[in-house]
Asker: 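Sending over a structure as structure tokens; questions will come in a sec.
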Protein chains: 2
Amino acid sequence: MGENNESDIIEHHVDEEMEKKTARCHAASSPLLESSPSEREGRSGSSTQSSHRLLAYSDALISIIATVMILPVAHTKVEDNEELRESVQLLLTTKIAVYLMTFLIVTMAWAAHIRLFQVIVRIDDCLALLNLACMMLITFLPYTFSLMATFPENMLGILLFCGCVMVMGVIQSVIVVYAFSRPFLLNEQIQISENQTFYKQHILKVIMRVPIMCFFASIFSFIFFPLSYVLLAIITFLPYISQCLKWCRSKAIGQVEDTPDSMVFYTYLPNEPLSKERVEAFSDGVYAIVATLLILDICEDNVPDPTVVEKQFGGSLVAALKAYGPEYLAYFGSFATVGLLWFVHHSLFLHVTKATRFMGLLNTFSLAFVGGLPLAYQLTHEFPRNSQNELEAIQISCVIIFFAGIFQLSIWVVALYSEQETLHPYVWYGGREHVFMLAKLALYPCIALGTFFLTCILSKFSTSIFHLMEITVPFAFLVLRLLVRVGLAILRFIFCPNRSNLTTVVDDDADETRVPFNAVVT
Amino acid sequence: MGENNESDIIEHHVDEEMEKKTARCHAASSPLLESSPSEREGRSGSSTQSSHRLLAYSDALISIIATVMILPVAHTKVEDNEELRESVQLLLTTKIAVYLMTFLIVTMAWAAHIRLFQVIVRIDDCLALLNLACMMLITFLPYTFSLMATFPENMLGILLFCGCVMVMGVIQSVIVVYAFSRPFLLNEQIQISENQTFYKQHILKVIMRVPIMCFFASIFSFIFFPLSYVLLAIITFLPYISQCLKWCRSKAIGQVEDTPDSMVFYTYLPNEPLSKERVEAFSDGVYAIVATLLILDICEDNVPDPTVVEKQFGGSLVAALKAYGPEYLAYFGSFATVGLLWFVHHSLFLHVTKATRFMGLLNTFSLAFVGGLPLAYQLTHEFPRNSQNELEAIQISCVIIFFAGIFQLSIWVVALYSEQETLHPYVWYGGREHVFMLAKLALYPCIALGTFFLTCILSKFSTSIFHLMEITVPFAFLVLRLLVRVGLAILRFIFCPNRSNLTTVVDDDADETRVPFNAVVT
């Protein structure tokens, strides 16, 4: 009776997970789950659970931590003072570099977390608690890194940073060992495979690589600390660079990679699959925290003190709030921009069936620029009207929006390269949704570029142009489908004037003349 | 061909959604989806999408905004100065009241959002953009409310607040009208029903009730503003109070409610179903932002300035960081507590099959206390050792943890009352997981209570006791299952000593003697 009940629990949880993530677990039932109750009995009675919510919570935590280092940048007071300008600009540049590096490092930790939980698809209480300990260390990483950046010659920063990374490595190894000792927690692919020990050793080897390098870096920090930085830089960038080169070479020569399909975990290949669900959850977290960063400041700082209102504004609250006017505008502007960029991201990933590591990397770059948006918007209202600084702030905003949009567009282009695997059929190159999606993705980069050049030419009206842009864009998205149809009709009218009366069947034509994207570009 | 393609798209998205949310949409295919392509053609060609990610993003935004008003409270400087103490305490009390009210108001807006998107289960681009506009207004609500609280005699606050609520009401009405004009966006239950117009009018009536009351409140603010506050209070609390009374009465008399099953939307009944998925997502957001609030402060404020380190600490970074020591401790303490409360919440909702509005309300109360945790932990390190203030801060922390835990426990008790509908069979009263779950939920309240009374008696060692508690709890969770087994064995040994050698079959006994919870308590 007891045993029966227990297998009921497991089967129920498995069923639940199967329903939710049919894409992730293809085999509906595996031999290990059906049989060997004695083996299950040995796991001190803890029941297995779907890892869905644990991962969602981890994604939320990591996305908040990744974007948080923008706050020290945003709160740096930039005064309109020529004397201090140089030193403030230097400080700002340092802080921005710290922000970007932290973002990169945290997303690397996040990618490692994804890889780990693509192998381990079910959890129990013990794994959940171990994961929380791991999360605590990840959230502490930005602080240690900013210590390292502020005191580059002090070895304490390096030691703390390396210490965090090493402890994280140990916890991850413990998780792997624990999960492999309870095979029903693992991915079906590994569960049914015969050489589990090989997988375990391979994964442990990959996981321990970084902590071991960090261990050497922390030892070198006692002897000759520049060497530690070199080592840390190698850890950070080498996998990307070597894999990029390898991938480019294989693409150029056209050589087929002979990795067996079962070894698709922990390969560092750019086309290694990345859980699409988690990329979405992480992006949602970043967009959400970025959209609300300005309102956090407003809620805290912009409620005037009653005594100040009484003394300085003669009791008129409206007059007191008028002083904050530009900040509200900045808030609504940044919220709308972030919201619409999220909307584009959402539309894009609606059409994606499988995310790869390379797409994830491009997504990270896009998100890093999105994280800079509140800063840029805050800058636009800090300077007096028509000053050189204000113009620069507006142009920086345009550049940030442009890059955030361009990287989204590049995700789309990369997805098109292997459209059969990564995209829904109806958005393949030439498919009926293809042009519309392209227009959605191209709207922000185009508008940002246009605003940038307009402000260069008509620098006197830069603020008005920028605000006009902010107001127009949401409506542009609303009527975009109409605009695309009109645009296509006009194009058709220009290039094939004799078929201009056939615009209603435009989609059918597009479908009939559809060719694979690869064939077009090669 | 074009039409075929389009229905492919819809069917694909529908399939995708069905897979993900089988619980929400029972009917796998509805007549309206299969047929009437002409009707679909009328919707200006926009493709429908699963609303899953839009809701996840909205949940993330709303949860951040709900918890954000704790920041002004946390950043109020509490000095150890007897003179200022009274005024600071008053300020703190006001801010805490503002925080709790904002939390309640924002969660009400969130509940309205859930209700709306339980009726509308598929979205298109237009709905996504309208929803983003709605989100922008919700994120602005806390600010208008804190203006209202700081300047209670100024009508600007009321006007802004009511204005936001009214515009939100209008947007929601537009969403409803839009969705009912495109029935394939609606819930299957409404889609196949014949009196759609009735549903539409009922929903619009419920939605518009609050904005209309706000309209009157804003008019009264010109005439006699206390009346506006009364009106706003009625809007906020009346539905809860009236429904609570009604529910209690019906429970006491035992009268069966005769609401037809199809009218389960927009009833305000405490047992109206609430999307479990969204309650989880919202809770995850709150737990994540609360866990990271302290590290946000640490990252921004606790990286010392190099010149300060040079001058004040003779270049010793370790000495400079030692000054911040207690803050790191507070961070790790609050992260661990929030993380473990999340862990308990996660275990609880793993066993829940259906969430109700009443459970959602209890969850909100629990989350409101969780939101206060970083504040309490921050207070614990701000005062000199062994001062009266420090003791108070530690006791406040214990009280907050206690209430956060007690409300989680009450969710469990409420779920047990209708266990057949809301819980998995194996955790029904007396089921094999029941005792373990109860122990998990009771651990934090018990420990918090114990620590509270210990600090009352041994006030000199309060800090040590508190830190010891922090370190012990994670390990207590790790070995909880073992502890429960030992505890049960001991209980059995005491009450049925003649059966003490049968402890191994404890589960079988529990199963055989299992009775419904309702039968036990009534």
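Only heavy atoms go into these numbers, but all of them, side chains included; no hydrogens, no water, no symmetry mates. Numbers restart at 1 for each chain; the letters A, B, ... are given by sequence-line order, proteins then strands.
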Asker: With sequence neighbours left out, what residues match V344(A) under side chain to side chain contact (heavy atoms under 4.5 Å, CB included)?
Answerer: Q408(A), L441(A), F477(A)
Asker: How about I295(A) and I65(B): do any of their side-chain heavy atoms sit closer than 4.5 Å?
Answerer: yes
Asker: Chain A heavy atoms under 4.5 Å from A291(B): which part of the residue, side chain, backbone, both or neither?
Answerer: side chain
Asker: With rounding to the nearest 0.5 Å, note down the distance linking CG in L55(A) to CG in D284(B).
Answerer: 10.5 Å
Asker: Which pairs would a plain distance check flag for residues 129-139 of chain A, meaning a side-chain donor or acceptor within less than 3.5 Å of a matching protein atom at least two apart in sequence or in another chain?
Answerer:
unit_1  : atom_1 : unit_2  : atom_2 : d
N131(A) : OD1    : H113(A) : NE2    : 2.7
N131(A) : ND2    : S58(A)  : OG     : 3.1
T139(A) : OG1    : M135(A) : O      : 3.3
T139(A) : OG1    : M136(A) : O      : 2.7
T139(A) : OG1    : Y331(B) : OH     : 2.3

Asker: For L156(B), is it the side chain, the backbone, both, or neither that has a heavy atom closer than 4.5 Å to a heavy atom of chain A?
Answerer: side chain
Asker: Please report the interatomic distance NE2(H345(B)) to CZ(R53(A)), rounded to the nearest 0.5 Å.
Answerer: 5.5 Å
Asker: Please look at A281(A) and chain B and tell me whether the side chain, the backbone, both or neither of the residue comes under 4.5 angstrom of a heavy atom of that chain.
Answerer: neither
Asker: Any side-chain heavy-atom pair from V318(B) and N154(A) closer than 4.5 angstrom?
Answerer: no
Asker: Against chain A, label L482(B) side chain, backbone, both or neither, depending on which of its atoms sit under 4.5 Å from a heavy atom there.
Answerer: neither
Asker: I'd like to check Y287(A) versus L61(B) (side-chain heavy atoms, cut-off strictly below 4.5 Å). Are they in contact?
Answerer: no
Asker: If I measure from the heavy atoms of chain B, does Y143(A) come under 4.5 Å with its side chain, its backbone, both, or neither?
Answerer: both
Asker: Please report the C-alpha distance between F335(A) and F140(B) in whole Å, then the side-chain angles of each, then the deciding distance to 0.1 Å, and finally whether the ring-ring contact (aromatic ring centres under 6.0 Å, His included) criterion is met.
Answerer: CA-CA 11 Å; F335(A) 191 98; F140(B) 205 60; over 10 Å; no
Asker: Which atom names give the shortest non-hydrogen contact between T292(B) and I64(A), and what distance separates them?
Answerer: OG1-CG2, 3.5 Å
Asker: Does any non-hydrogen side-chain atom of D125(B) lie less than 4.5 Å from one of K440(A)?
Answerer: yes
Asker: Looking only at heavy atoms, what is the nearest atom pair of F343(A) and A128(B), with distance?
Answerer: CE1-CB, 3.7 Å
Asker: Just do the side-chain contact (heavy atoms from CB on, under 4.5 Å) check on I123(B) and H346(A) with the steps written out, would you?
Answerer: CA-CA 12 Å; I123(B) 57 161; H346(A) 166 247; 4.1 Å; yes
Asker: Tell me, for L478(A) versus chain B, whether the close heavy atoms (under 4.5 Å) come from the side chain, the backbone, both or neither.
Answerer: both
Asker: Non-hydrogen atoms of chain B under 4.5 Å away: do they reach the side chain of Y328(A), the backbone, both or neither?
Answerer: side chain
